[in-house]
Structures are given as C-alpha cells and as structure tokens.
Amino acid sequence: MSQRTKIKALLESEQTNIEVTVKGWVRTFRNNQFIALNDGSTNSNIQIVVDFENTDPNLLKRITTGAALSVVGELVASLGKGQKVEVKAKQIEVLGDSDPEKYPLQPKKHSLEFLREIAHLRFRTNTFGAVFRVRNSLSYAVHTFFHERGFVYLHTPIITASDAEGAGETFHVTNFDLAYPPRTENGDVDFKQDFFGRATNLTVSGQLEGELGAMALSDIYTFGPTFRAENSNTTRHLAEFWMIEPEMAFYDLEDNMNLAEEFLKYLIGYVLKNNAEDIEFLSQRLAEEEKQKPQNERSETTLIEKLQFCLDNDFQRLTYTEAIDILKESTPNKKKKFTYLVEGWGTDLQSEHERYLVEKHFKKPVILTDYPKEIKAFYMRQNDDGKTVRAMDILFPGIGEIVGGSQREERLEKLEQRMTEMGIPTEELWWYLDTRRFGSCPHAGFGLGFERMVQFVTGMGNIRDVIPFPRFPKNAEF
RNA sequence: UCCUGAGUAGCUCAGCCGGUUAGAGCAUCUGACUGUUAAUCAGAGGGUCGCUGGUUCGAGCCCAGCCUCAGGAGCCA
C-alpha cells in the first residue's frame with residue numbers, strides 16, 4: 001500500500017507543485033469537477049480538481065457522496081477562493097463505491113436525532129468528526145494532567161461484588177441460563193453456583209477501590225467506563241459512561257477543590273490550544289443553533305467565549321448553607337417562580353436552583369461544599385457540627401453537576417457508625433474498612449463525568465452525541 | 001418512571017371542519033452548463049400517513065391501547 005499524506009498535513013503544507021497521494025471519503029462532488037474529500041484528520045476538506053473532459057465517464061459516475069477514493073495528483077495553489085491549496089488529479093481510483101440511492105448521509109444538513117439513528121456513519125459528518133476529535137484530545141489531556149503531577153493511573157475492576165456504594169441501580173453480571181437459574185431450597189436464585197460464586201454487577205464507581213490505591217501510592221486516578229441501570233431519559237445521563245476519579249492521600253477538602261478547579265481549567269485550556277479549528281467550528285454550529293431559538297432564550301456569548309471565561313475566572317466557592325440563604329432571598333423564590341420553593345435547610349437542591357446560582361446569580365462555575373449529611377454518601381467526612389459533611393459539587397452552566405467529590409471519613413468509628421445508620425453492611429466492605437484500621441489518614445477525591453465535560457467543551461446539548469455509541473434505556477444498537 | 005410535544009417520500013416539514021388521485025423544499029436519477037464552494041437551470045421517479053383495534057357511508061385527520069423519538073423533571077456524573 002503506497003504512502004499517502006493526510007489532508008491535515010496537505011492543507012498546512014508550505015510546499016506546492018509537488019506530487020501527492022491523498023485518500024479519503026467524498027463529501028460532495030460539484031460540477032463534475034470538484035471533489036470535497038475528507039479523511040477525518042481535520043475538519044476541513046481538500047478540494048480535488050478533476051479534468052472531467054479527459055476522464056472516463058464511468059469513473060466520474062462512481063465519484064458519489066460517501067465513496068472512498070485514492071487520488072494521485074499535484075498539490076497546487078487554488079484558483080478558487082474557498083481554499084488555499086487543491087489537488088489537480090492525475091489518477092483517481094475508487095476504493096469503495098457508495099450507492100447514492102442508499103447512502104443515508106446526503107450533502108445537506110441533518111438533524112442530530114436522525115444522525116443518532118445512524119451512529120455508525122455519523123463520524124463522517126463535520127459535527128461528529130469535530131466532537132470525537134475533541135473527545136480524543138480531552139482524554140489525552142486527562143492523562144497528561146495527572147502524569148505531570150505524579151499520579152498513578154489505577155485500573156479498578158469493571159465487575160464488582162459490592163453493591164454497597166449507593167450510587168445507583170446496577171447491571172447484574174452472570175453466566176446463568178436465565179430461564180433456569182439454579183435455586184436454593186427456599187427457591188431463591190443460588191448465586192453460589194454462579195461464575196464468581198456470588199452475585200456480581202458492573203461497577204457504578206471505582207472510588208472505593210481507588211481509595212485502596214491512594215492509601216499506598218499517594219495519588220492515583222481512574223479513567224474508565226461506569227454503568228448505571230437507572231431508567232434515566234435525559235440529555236445528561238447514560239447507562240454506560242466514562243468517569244475520571246482521582247483519589248489523593250493527605251488531601252483535605254480545600255486541596256481537593258483546588259485540584260479539581262485546576263484540572264477542569266487544564267482540560268479547557270488544552271482543547272482551546274490544540275483543537276482550535278474544531279472548537280471554532282463547534283462554536284459556529286452552536287451560534288447558528290442559538291439563532292433558531294426565540295430571542296429571550298438565546299445566549300449572547302459564544303462557545304469560545306464561555307470556555308475562555310471559565311479559564312479566566314475563579315470558580316465561586318460557597319457552602320450549601322450559604323447557597324440556601326441566597327436561594328431563599330432570590331427573586332424567583334419570592335415570586336414563587338421556582339417549581340420547588342426553597343423554604344428550609346436540609347433538602348437537596350433541584351436543577352432549577354443549581355441553574356439559578358450558576359447562570360443567574362454568580363454567572364460562573366460554582367463549587368458548593370458542606371452539604372447536609374442526610375443527602376450525601378456514607379464515606380464523606382463528618383463535620384464537627386454533626387449536621388454536614390465535607391462534600392463538594394462543582395456546578396457548570398448548562399450541564400449542572402459535573403464533579404462530585406469529598407474529603408473521606410478516615411476515622412474508623414465515625415465511618416462504621418455512619419454505615420450502620422445508613423444500613424450499609426460493614427462486613428461486606430471489610431476490605432474498605434481495613435484502610436481505616438491500618439494506617440488511616442486524611443484523604444480526598446472526586447469524580448468527573450467525562451461525557452459531561454465533553455458536552456461542556458463542545459457545546460453539544462445531548463450527552464448521547466458526545467459518546468461514539470451511546471447506551472441508554474431501550475437502546476444498545478451498534 | 002412522571003409531565004409535555006411529536007411520528008406523513010431518503011431528510012426536514014405542510015396537510016383546513018372527517019370527503020375524490022396525499023403536497024413542498026432539499027436529496028436522488030436523467031439532460032443542459034462547466035472554476036464550483038449548500039453551484040445553477042429543465043425534467044423524472046419516489047408514500048403500508050409509527051403499530052393494533054374501534055367509531056363512521058367514508059379516517060393521514062376522531063377515540064382507545066401499545067411502540068418509538070424529542071424536551072423538561074426525578075436519580076446522578
């Protein structure tokens with residue numbers, strides 16, 4: 001197979017009047033003369049100019065939208081205005097035909113809903129090409145951020161036996177014949193005979209295992225798939241999603257917040273610098289989408305401006321209690337515009353409240369800390385007031401909660417007492433409690449929903465459009 | 001899971017008060033044109049009106065159930 005130059009390199013080439021080989025897929029073929037060819041290396045296409053008068057008409061007919069081509073030709077300065085360089089074709093080979101009557105992607109705008117139905121082909125559109133190049137870049141940035149800081153990438157298990165984390169409904173893992181599972185004398189399914197000798201499920205979080213790593217390696221992070229069997233039908237939830245969970249020994253909540261804020265800014269800055277063309281495209285796409293909305297719902301700031309704003313400003317930090325006070329005194333609360341009115345201390349914040357704080361009151365990312373212990377997980381460190389825990393949630397405009405974290409309860413007695421109160425079996429988590437029995441120390445960590453971060457950076461409204469093959473209720477196609 | 005809205009050509013949609021042969025734009029195909037940038041111009045083909053049942057002389061339209069999709073809510077990341 002002869003070497004070919006990727007389109008990104010050709011478009012950036014300083015040299016012209018050189019022979020090149022280019023391969024890719026046809027986006028459009030205009031005037032029997034101009035092929036817009038794309039190979040995914042960049043959002044831009046290269047224009048191939050065909051000398052149609054001296055080309056076999058049967059070959060011309062096979063140059064259709066979606067067809068894969070190999071072109072040998074001369075890279076020249078373009079005569080047209082839309083591009084700097086183009087390739088004057090000397091030899092065109094159709095590597096793979098694409099029947100235009102059947103190929104679902106037409107040279108026109110498609111709705112995101114329609115493209116979701118053909119997720120196997122949507123990579124071939126400008127929008128999804130950009131989204132998945134940015135997603136790739138972000139995941140690379142996750143690793144560089146932590147590696148630059150001496151964190152150890154720890155692979156936590158996908159299959160676990162602990163159902164005790166309380167992070168949501170789990171998917172069961174079994175190799176039983178589901179029609180005839182072995183049963184015990186009293187008719188229950190006998191998991192002792194199952195593959196692992198016990199009931200198992202897909203992980204809902206790598207945190208507990210991550211803590212085990214941190215209690216020896218100091219700073220670790222996980223980055224892998226996570227599964228929730230919740231019947232969630234929203235633009236912010238998936239049944240299978242990727243989560244990043246750093247866990248740091250000798251960190252308190254303050255250190256934890258500092259790291260999280262630095263991390264989010266690093267990711268945004270990385271993409272602005274390294275994916276400028278794709279972000280620019282996505283920014284324009286979003287601006288056009290905004291134009292379709294009624295004027296009062298439109299956002300005046302562009303995607304790039306929003307990202308830059310996040311980089312340039314400190315996140316607003318305040319306690320849950322302070323947030324409740326602000327919400328109580330807020331205009332929508334007094335005028336009873338909220339669906340859920342804020343009256344007392346102790347209830348969880350609704351989406352509308354989070355959105356008010358982030359988008360209306362502070363107009364920037366917000367970190368909320370010290371939530372009531374009743375609405376948070378068992379492992380969070382209890383404050384001296386006996387009412388709150390050292391939790392922190394980072395709220396982003398348009399996304400809501402993007403990070404959830406806490407300083408962990410390192411005191412064995414306090415932890416066991418809380419687990420008992422919340423009905424979490426201490427025997428089952430004996431291995432977790434061992435870290436508190438042997439050399440316990442203050443530590444903290446957080447979880448970042450990777451897709452929510454990709455959503456924020458790309459400006460895509462639906463989380464199903466930022467993961468290549470989304471898994472959600474009633475859908476596991478592809 | 002709940003609330004609201006939607007499902008009509010490949011795509012995006014229109015379809016009046018229930019009435020004859022269900023329309024448009026784009027896409028596709030054919031022809032013309034040939035330095036185009038969502039090319040342009042002319043013509044053609046293309047429909048199980050989501051599914052099942054009901055009301056009616058007659059249903060794309062009314063009723064019931066179901067399925068799917070979108071937006072919002074809950075759960076959360």
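Chain letters run A, B, ... following the sequence lines, proteins first and then strands; every chain starts at 1. Please read all numbers here as calculations on a predicted model, not as lab measurements.
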So, is A:S351 near the phosphate of B:G72, with a side-chain N or O under 4.0 Å from OP1 or OP2?
no
Less than 6.0 Å separating the ring centroids of A:F223 and A:F450?
yes
In terms of the angle between their ring planes, are A:W345 and A:Y320 parallel, tilted or perpendicular, with boundaries placed at 30° and 60°?
perpendicular
I'd like the C1' distance from B:C41 over to B:G60, given in whole Å.
35 Å
Interatomic distance at C1', B:G15 relative to B:A9, whole Å
14 Å
The side chain of A:E113 is closest to which nucleotide in this list: B:A70, B:G35, B:C75?
B:A70
Using the C1' atom in both, what is the distance from B:C75 to B:A64, to the nearest Å?
32 Å
Between the base of B:C11 and the side chain of A:H110, is there a donor-acceptor distance below 3.5 Å?
no
Given the P atoms of B:U20 and B:C61, what is the spacing between them in whole Å?
14 Å
Please give, in whole Å, the distance from B:C69 P to A:N231 CG?
11 Å
Do any side-chain nitrogens or oxygens of A:R27 fall under 4.0 Å of OP1 or OP2 in B:U37?
no
Would you mind telling me which of B:U36, B:U28, B:G74 lies closest to the side-chain atoms of A:P107?
B:U28
Closest to the A:T28 side chain: B:U37, B:A39, B:U68?
B:A39
Spell out yes or no: do the side chain of A:E86 and the base of B:G35 have one donor N/O and one acceptor N/O closer than 3.5 Å?
yes
What is the distance from CD of A:E117 to C1' of B:G7, rounded to the nearest Å?
11 Å
Rounded to whole angstrom, note down the C1' distance from B:C57 over to B:C69.
37 Å
Would you mind telling me which of B:U12, B:U30, B:U36 lies closest to the side-chain atoms of A:K61?
B:U30
Among B:U36, B:C76, B:U28, which nucleotide sits nearest the side chain of A:H237?
B:C76
Under-4.0 Å salt bridge between A:K265 and A:E262
no
Side-chain donor/acceptor contact of A:Q83 with base of B:U36 under 3.5 Å
yes
Worked check of salt bridge (Lys or Arg N to Asp or Glu O under 4.0 Å) between A:D393 and A:K376:
CA-CA 11 Å; A:D393 284 0; A:K376 287 290 176 184; 3.0 Å; yes
To the nearest Å, give me how far apart CD (A:Q455) and C1' (B:C76) are.
13 Å
Atom CG of A:N32 and atom P of B:G31: how far apart are they, to the nearest Å?
10 Å
Classify the side chain of A:E53 and the base of B:U34 as holding, or not holding, a donor-acceptor pair under 3.5 Å.
no
Which nucleotide in B:U36, B:G72, B:U28 has an atom nearest any side-chain atom of A:T65:
B:U28
When rounded to whole Å, the NZ to P distance for the pair A:K376 and B:C75 reads 11 Å
Do the side chains of A:E74 and A:N17 get nearer than 4.5 Å, heavy atoms only?
yes
In this structure, how many angstroms lie between the P atom of B:U37 and the CG atom of A:N126, rounded?
17 Å
Is any side-chain heavy atom of A:L318 closer than 4.5 Å to a side-chain heavy atom of A:F362?
yes
Please report the distance separating the P of B:C17 from the corresponding atom of B:C62, rounded so that it comes out in whole Å.
10 Å
Could you tell me whether the side chain of A:S232 has a donor or acceptor atom within less than 3.5 Å of a complementary atom in the base of B:C76?
no
A:F151, A:Y221, A:Y270, A:F263 screened by ring pair (Phe, Tyr, Trp, His ring centres under 6.0 Å) with A:H143, the one that passes
A:Y221
Minimum-distance nucleotide to A:N475 side chain [options: B:C26, B:U28, B:C69]:
B:C69
Could you please name the option among B:A27, B:A70, B:G74 that lies closest to any side-chain atom of A:Q106?
B:A27
Check this one for me: any side-chain N or O of A:R30 less than 4.0 Å away from OP1 or OP2 of B:C33?
no
B:U8 and B:U68, which share atom name C1', separated by this distance in whole Å:
16 Å
Please tell me which of A:T64 and A:K108 maps to the more 5' nucleotide of RNA chain B, matching each residue to the nucleotide holding its nearest heavy atom.
A:K108
Between B:U28, B:A73, B:A70, which one does the side chain of A:Q350 approach most closely?
B:A73
Tell me whether the side-chain N or O atoms of A:N233 pair up with the base of B:U1 as donor and acceptor below 3.5 Å, since no angle test is needed here.
yes
Kindly say if A:R116 contacts the phosphate of B:A70, meaning a side-chain N or O under 4.0 Å from OP1 or OP2.
yes
Assert: residue with more 5' nearest nucleotide on RNA chain B, out of A:K81 and A:G461, is A:K81
Roughly how far apart, to the nearest Å, are B:G5 and B:C76 at atom P?
29 Å
Rounded to whole Å, the CZ-P distance (A:F114 to B:C13) equals 12 Å
Which of the following nucleotides, B:A70, B:A39, B:C29, is nearest to the side chain of A:E101?
B:C29
What is the distance, to the nearest angstrom, from the CG atom on A:N31 to the P atom on B:U34?
10 Å
Measure the acute angle between the ring planes of A:F338 and A:Y356, then classify it against the limits of 30° and 60° as parallel, tilted or perpendicular.
perpendicular
